[in-house]
Structures are given as C-alpha cells and as structure tokens.
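To keep things clear, I will list the structure first and then write my remarks on it.
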Amino acid sequence: GESVGLHLPTLSVQEGDNSIINCAYSNSASDYFIWYKQESGKGPQFIIDIRSNMDKRQGQRVTVLLNKTVKHLSLQIAATQPGDSAVYFCAENRVWGQNFVFGPGTRLSVLP
Amino acid sequence: DGGITQSPKYLFRKEGQNVTLSCEQNLNHDAMYWYRQDPGQGLRLIYYSQIVNDFQKGDIAEGYSVSREKKESFPLTVTSAQKNPTAFYLCASTRGQGVGELFFGEGSRLTVL
C-alpha cells in the first residue's frame with residue numbers, strides 16, 4: 001500500500017456516526033477552498049468546494065463550513081460508512097490566479 | 001471518459017539516473033501541475049504550466065524539469081540532482097490557473113534504490 005499519511009492525525013468514528021474533520025488555513029486572502037479525499041495509493045478526489053462569500057455548502061452526505069474570522073474550514077460527513085475511510089485534506093487558493101496550498105490531511109478510520 | 005493519466009504507476013531508479021514521469025489529460029484543460037507528496041506533509045508544488053510552451057517553477061523545483069510541448073501533455077523529469085526523489089508524484093490540471101477545482105491523476109510512486 002501507499003505510505004502517504006503515515007504520520008497524520010487520525011479520527012476514528014463508528015460506522016453510522018457523523019464525522020467532523022477540521023482544517024486551519026493560513027492566508028486570510030484565500031478565497032476558494034476545496035476538500036479532497038485520498039485513498040491509499042490513489043490520487044485525490046474532489047469532494048466539495050466553497051468560496052469565501054459563503055459560510056456553508058452542502059453536498060450529498062457532506063457539508064463544508066467556512067469560518068473566515070478564525071480561518072477555519074470543516075468537513076462534516078453524515079452517517080459515516082466504511083468506504084469513507086481515507087485521508088482527507090483541504091486546499092486553499094490564495095488570491096485568484098495563484099496556486100493552491102494544501103493542508104497535511106487527516107486520516108479518517110471508520111470502525112465497524 | 002475524460003481524465004488525467006499518469007504513468008508508470010510504480011518506478012524504480014538507481015542513484016544517478018534521470019527518470020521521466022508521464023502525464024496526459026484529455027479534459028482540454030489549460031493549466032497543468034506537478035506535486036510531490038511525502039508522508040505527513042501537504043502536497044508541494046514542483047512545476048506548473050498555464051499554456052503550451054510555458055511553465056514556471058513551484059516551491060520545490062530544484063532537481064526537476066518539465067516540458068509543455070502539447071496542451072494535453074506535461075511530463076516531469078526527475079534528475080540525478082534531486083537528492084531525495086523517493087516520493088509519490090501527482091499530476092493535476094484545471095481549466096485555468098485559480099479557476100475551479102484541480103483534477104488529479106492516480107499518481108506515480110518513485111523509489112530510488
């Protein structure tokens with residue numbers, strides 16, 4: 001398997017419970033944020049995004065919350081399933097036209 | 001299906017050798033990127049390209065080189081000057097720099113023997 005995420009913080013949740021994964025971003029000028037899911041040995045997959053003119057956005061079983069005051073982003077996963085086990089990381093886009101900056105990620109482990 | 005294809009998935013290199021990682025996209029995206037991923041760290045940008053025949057260094061470009069001769073292709077060469085090349089390499093693309101999400105390939109794992 002892939003060694004990505006060996007030393008990451010881990011969140012363990014029971015199957016069926018809700019999960020909350022947090023991310024602190026660094027630049028108050030960032031205006032676009034994305035959550036990605038990465039399974040072992042695979043490339044990151046887009047989950048949900050949010051722009052700085054919003055503070056909440058919902059998708060299928062996922063919700064992203066943005067608190068610009070404290071530069072905090074969270075991903076909520078409802079009714080967590082075994083297939084949700086992966087590393088989750090946030091990305092911020094610093095000023096339109098610049099490149100993304102990525103957080104180190106959190107490993108989500110779903111317990112049966 | 002549209003997407004990004006990286007090859008090879010696994011690659012082994014002897015010290016002192018250059019290796020080239022392939023990245024091809026059929027999404028008609030203008031911007032392409034190479035990232036390096038190490039355990040416990042966020043993705044770090046190696047090189048990026050906004051248009052054909054143009055590319056810029058990212059945060060950790062030393063020991064790497066790229067080309068962008070075609071819109072759909074952005075190969076990365078890991079040269080012998082890269083002192084610690086063992087890592088997972090990810091190629092990504094987007095419609096334009098800073099516009100919308102990054103689409104990623106499945107990655108290439110390079111191991112130096």
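FYI, side chains are in, hydrogens and waters are out, and symmetry mates aren't considered; it's all heavy atoms of this structure. We name chains A, B, ... by the order of the sequence lines, and we start the count at 1 in each one.
Only the side chain of L90(B) comes within contact range of chain A, with at least one heavy atom under 4.5 Å from a heavy atom of that chain. Using a 4.5 Å cut-off between heavy atoms, E106(B) contacts chain A through both its backbone and its side chain.
E101(B) CD to W35(A) CH2: the interatomic distance, rounded to the nearest 0.5 Å, is 16.0 Å. Here the CZ-NZ distance, from F88(B) to K42(A), works out to 11.0 Å after rounding to the nearest 0.5 Å. D49(A) CG to L102(B) CG: the interatomic distance, rounded to the nearest 0.5 Å, is 11.5 Å.
Within 6.0 Å of NZ on K56(A) lie no more than 12 heavy atoms contributed by other residues, nucleotides or ligands. Around the NZ atom of K57(B), the shell of radius 6.0 Å holds no more than 12 heavy atoms that belong to other residues, nucleotides or ligands. Around the CD atom of E62(B), the shell of radius 6.0 Å holds no more than 12 heavy atoms that belong to other residues, nucleotides or ligands.
Here the side chains of F89(A) and L43(B) are in contact, with some heavy-atom distance below 4.5 Å.
Aromatic rings of F46(A) and F104(B) (six-membered ring for Trp) have centroids beyond the 6.0 Å cut-off, not under it. Ring to ring, F102(A) and Y35(B) are close: their centroids are under 6.0 angstrom apart.
In terms of hydrophobic clustering, with Ile, Leu, Val, Met, Phe, Trp and Tyr side chains grouped at heavy-atom distances under 4.5 Å, L75(A) and V110(A) are assigned to a common cluster. V78(B) is connected to W34(B) through a chain of hydrophobic side-chain contacts under 4.5 Å among Ile, Leu, Val, Met, Phe, Trp and Tyr, so both are in one cluster.
Under the ring pair (Phe, Tyr, Trp, His ring centres under 6.0 Å) criterion, Y89(B) pairs with Y64(B), not counting sequence neighbours.
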